[in-house]
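Data block below; observations after.
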Amino acid sequence: MPESAGWQAELEELKAVSARIGSDPLLTQGAGGNTSLKVGGTLWIKASGTWLAHALERDIMVPVEMAPLIAAVEAIDPAAEQAHQFTIAALNSSGLRPSIETTVHALMPQRVVLHVHCVDTIAHAVRSDCIEQVGPRLAGLNWAYVPYARPGLPLALAIAEHRAQRPDVLILANHGLVVAAETVAKAEALLDDVKARLRIVPRAASGPRLDQLVQRAAGTGYRLPQPEAAHAAATDPQSTGLAAKGSLYPDHVIFLGTGSVIAKDGEDASAVVARLGTSPVSILFPGEGILMRDDATPGADAMARCLADVLARLQEAAPVRVLTLEEHLQLTDWDAEKYRQDLARRAAAKKTA
Ligand SMILES: [Zn+2]
């Protein structure tokens, strides 16, 4: 492909859109979400661990050779989860590694792909009746529902099943949203459209009881969360009831741990830690708000707010599907080799079925 100014200008345009997406906590939280542009056989994709919000200040895009990556997915080869093996060193000025979700982008044929952890989408995508909920709202769009699969090779395989349909919109169960188009402008317009179609008016929660929380944190190694909106997971009783059900999506597990820890009546942070025998990243104090462990990362704080934003868009009686024990283990105790074998077995079973 020509090294013309055309695609470089488009990459700059993508960075500007990435920064906009990254600065909206209702679309991305911390290092979550990623964007990409295909130039011939090269995929420019956000680097792992970087924030979309920093797209204009830092070098966050990494060039990856697509053909061997897609071949690895097709061969159900765990190398598909090691996209850094396929980075084009000569063009990779940052030396960063591509996102774990690189295969999601490579498998979409459209030139521009935006993947976001949109809270309105997630509030639909955690429901067992998601398809019935979003179907009427997405009428007229070429969209597909992808059942939950762990990010990496399992998610890539689940998406690959829809390739013939060439969808422009993917609703990833218990995860988020993917939109794809031929230009950056069209992709951004599609994202805005889908976001508006899936919008849910959040329940208003009462404010945090900061004096009470400060007392419960004193001398315990816990602190107030950065975004004040994070308290709503504990100040809204319906949200707290939903949080008690378990983990709703992978980034919650990765940044905050399994499920939500809810303090019992009268407990301060150290009483909760003593009861559990471990120090959770965040603790919900019903009716008061939440506390974060002193060493919680900015990404964890962003994820605590994401939880509040998602829960505020769900009724307590909604048919919510939480991640299973096995799905938690896949995220926290993940062994690529066990996986390769498991996937190979499943593929073999499919062939003989
Ligand atoms: Zn994701």
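In listed order, ligands and their atoms are each counted from 1. The figures that follow rest on heavy atoms only: side chains count, while hydrogens, waters and symmetry mates do not. The shown structure was predicted, so the numbers you read here are calculated from the model rather than taken from an experiment.
Between His252 and Tyr249, the angle of the ring planes goes over 60°, which puts this pair in the perpendicular group of the 30/60° scheme.
Protein N/O/S atoms closer than 2.8 Å to the Zn ion (ligand 1), listed by chain and residue number, are Glu101 OE2, His115 NE2, His117 NE2, His175 NE2.
His175 has its ring centre less than 6.0 Å from the ring centre of His115.
A salt bridge is defined here as a Lys NZ or Arg NE, NH1 or NH2 lying under 4.0 Å from an Asp or Glu carboxylate O, and Arg305 with Asp301 fails to meet this definition. Between Asp120 and Arg313, at least one side-chain N (NZ, or NE/NH1/NH2) sits under 4.0 Å from a carboxylate O, which counts as a salt bridge.
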For residues 121-130, run the donor-acceptor check on the side chains, cut-off 3.5 Å, and write out each pair with its distance to 0.1 Å, sequence neighbours left out.
from	atom 1	to	atom 2	distance (Å)
His124	NE2	Leu198	O	3.0
Arg127	NE	Asp129	OD1	2.8
Arg127	NH2	Asp129	OD2	3.1
Ser128	OG	Pro319	O	3.3
Asp129	OD2	Gln133	NE2	3.3

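With no hydrogens or angles considered, no side-chain donor-acceptor pair links Gln215 and Asp268 at under 3.5 Å.
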